[in-house]
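Along the sequence shown, residues are numbered consecutively beginning with 1. These numbers come from the heavy atoms of this one structure, side chains and all, not from hydrogens, waters or symmetry mates. Just so you know, ligand 1 is whichever comes first in the structure, and atom 1 is the first atom listed for that ligand. A quick note: this is a predicted structure, and the numbers were derived from the prediction, not measured.
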Amino acid sequence: MSSEPPSVPRHIAIIMDGNGRWAEKRHRPRRFGHRAGQKAVRQCVEYCLRHGVPVLTLFAFSSENWQRPPSEVSALMGLFVKALDKEVDELHAHGVRLNFIGALERFEAPLLQRMQAASHRTRDNTALQVNIAVNYGGRWDIAQAARTLANEVARGQLKADAIDETLFGARLCLSELPAPDLFIRTGGERRISNFLLWQLAYTELYFTDTLWPDIDAACLDAAMADYAGRQRRFGRTGAQVSGEPVAH
Ligand code: IPE
Ligand code: IPE
Ligand code: MG
């Protein structure tokens, strides 16, 4: 029997890139693009609900994005606060579970409290889990997992020799979920930008030039169709994966 993975991804991870350029093309301030990007997030969540994608992880703010001009950073923080105030009721009504990953302690109390309240309120929802990566970096994630393990060893709860990929992976963000099947980056750049470094090891990568605020169902259909046509081999041969008799 072949072990073909289902053609609908169990987990999609997205770098939502291109908001600034979308605004600049319209001679508007960059924050205008971030606001337009919020609508695209809504479309994307609806798409996942409609198509039975159970997990969606969105990169909203990287650990490196603090280096942007203070006015853009504060516009983004203000937008996050407003978005949570505006969207959580409806997301909850649709059965969406919200989860935030990243070094959340860096955020100011009004935003942090809203994130915690939204996670708590939606924690029993099962239609779709949306993970929002904020002040997240793949290297940070790996470092915090290493620190956690080192502390466990120091306390005598764990032997250093017992650390393997499974144990390490279990200390990373999203460890309770399947790894992303499909990664999408909008906005034309072909890089990972310190997103989920460990978790993307065998993810199918899809890049589109479409700027994030322009993302719609047709763009997501194209990514899903591309994904459905991939053969995922995980190191094996094509014949092994497709269930053909193995040639010796
Ligand atoms: C992505 O869009 C949103 C964040 C990083 C917060 P950008 O703001 O990076 O948009 P471009 O890449 O400059 O167009
Ligand atoms: C990645 O986009 C981070 C987010 C989308 C939140 P960036 O625009 O920050 O990435 P680089 O700087 O082009 O690599
Ligand atoms: Mg960018």
Side-chain angles (χ1 to χ4, degrees), residues 11-45 47-48 55-84 86-87 98-108 110-112 114-115 118 130-144 172-174 180 182-200 203 205-216 219-220 223:
H11 183 172
I12 301 180
I14 305 185
I15 297 187
M16 311 184 286
D17 196 24
N19 293 351
R21 280 164 286 162
W22 187 91
E24 281 157 17
K25 266 174 46 181
R26 288 161 179 78
H27 309 288
R28 301 296 299 266
R30 292 176 58 87
R31 63 171 188 282
F32 183 73
H34 296 311
R35 215 181 314 136
Q38 198 187 316
K39 290 202 193 96
V41 170
R42 205 177 312 143
Q43 289 227 25
C44 185
V45 167
Y47 185 94
C48 289
V55 184
L56 173 67
T57 299
L58 300 171
F59 204 5
F61 192 84
S62 75
S63 38
E64 289 72 33
N65 287 148
W66 296 107
Q67 299 171 69
R68 293 190 177 196
S71 57
E72 181 168 349
V73 171
S74 69
L76 277 164
M77 296 303 138
L79 204 70
F80 293 151
V81 167
K82 273 203 203 137
L84 287 169
K86 191 162 165 240
E87 310 284 354
L98 279 173
N99 176 44
F100 297 86
I101 59 167
L104 306 184
E105 63 280 0
R106 174 132 182 215
F107 295 109
E108 287 179 9
L111 178 53
L112 186 59
R114 280 169 174 82
M115 291 192 287
V130 177
N131 306 301
I132 306 199
V134 278
N135 193 21
Y136 179 87
R139 289 173 176 171
W140 164 84
D141 197 359
I142 291 169
Q144 68 78 25
L172 291 163
C173 294
L174 310 182
L182 172 63
F183 160 96
I184 300 173
R185 181 172 185 144
T186 63
E189 309 296 353
R190 267 86 174 142
R191 56 178 170 256
I192 304 290
S193 298
N194 200 17
F195 195 24
L196 304 159
L197 297 179
W198 174 290
Q199 297 87 339
L200 293 177
T203 302
L205 306 180
Y206 180 84
F207 297 93
T208 171
D209 291 338
T210 303
L211 302 173
W212 177 252
D214 290 327
I215 279 294
D216 58 11
C219 297
L220 294 169

Side-chain donor/acceptor of [X] to backbone N/O of [Y], under 3.5 Å:
X	Y	result
Arg114	Pro110	yes
Asn194	Gly138	yes
Thr203	Leu182	no
Trp212	Gly37	yes
Gln199	Cys173	yes

Next on the checklist: Check for me whether Glu189 has a heavy atom closer than 4.0 Å to any atom of ligand 1.
Outcome noted: no

Item to check | ligand 1 contact by Gly187, heavy-atom criterion under 4.0 angstrom | outcome: no

Under a 4.0 angstrom heavy-atom cut-off, which atoms of ligand 2 come close to [X]?
X	answer
Phe61	6 (C)
Arg191	11 (P), 13 (O), 14 (O)
Ile15	1 (C), 5 (C)

Checklist outcome for this item: A student comparing Arg68, Arg30, Glu24 should find that the heavy atom closest to atom 5 (C) of ligand 1 comes from Arg68

Checklist entry - Does CZ belonging to Arg31 count more than 12 external heavy atoms closer than 6.0 Å? => result no

Checklist entry - For atom 14 (O) of ligand 2, what's the nearest protein heavy atom and its distance? => result Ser193 OG, 2.6 Å

Checklist entry - Among all protein non-hydrogen atoms, which one is nearest to atom 10 (O) of ligand 1, and what is the separation to 0.1 Å? => result Gly20 N, 2.9 Å

Checklist entry - Looking at Asp216 and Lys39, does any basic side-chain N land under 4.0 Å from a carboxylate oxygen? => result no

Per-atom contacts, ligand 1 versus [X] - under 4.0 Å to a heavy atom:
X	value
Ala60	6 (C)
Asp17	1 (C), 2 (O), 7 (P), 9 (O), 10 (O), 11 (P), 12 (O)
Arg21	11 (P), 12 (O), 14 (O)

Checklist outcome for this item: In short, salt bridge (Lys or Arg N to Asp or Glu O under 4.0 Å) pairs touching residues 132-141 with sequence neighbours left out are none

Checklist entry - So, is Asp17 placed with an N/O/S atom under 2.8 Å from the Mg ion (ligand 3), counting both backbone and side chain? => result yes

Checklist entry - Just heavy atoms, cut-off under 4.0 Å: does Phe195 contact ligand 2 by side chain, backbone, both, or neither? => result neither

Item to check | Part of Met16 within contact of ligand 2 (heavy atoms, under 4.0 Å) | outcome: backbone

Checklist outcome for this item: Output for pair (Lys82 NZ, Gln38 CD), nearest 0.5 Å, gives 9.0 Å

Checklist entry - With a 4.0 Å cut-off on heavy atoms, does Arg185 reach ligand 2? => result yes

Next on the checklist: Test side-chain contact (heavy atoms from CB on, under 4.5 Å) on Leu56 and Cys48; report intermediate values, then the result.
Outcome noted: CA-CA 8 Å; Leu56 173 67; Cys48 289; 4.1 Å; yes

Item to check | ligand 1 to Asn65 polar contact by distance, N or O atoms, under 3.5 Å | outcome: no

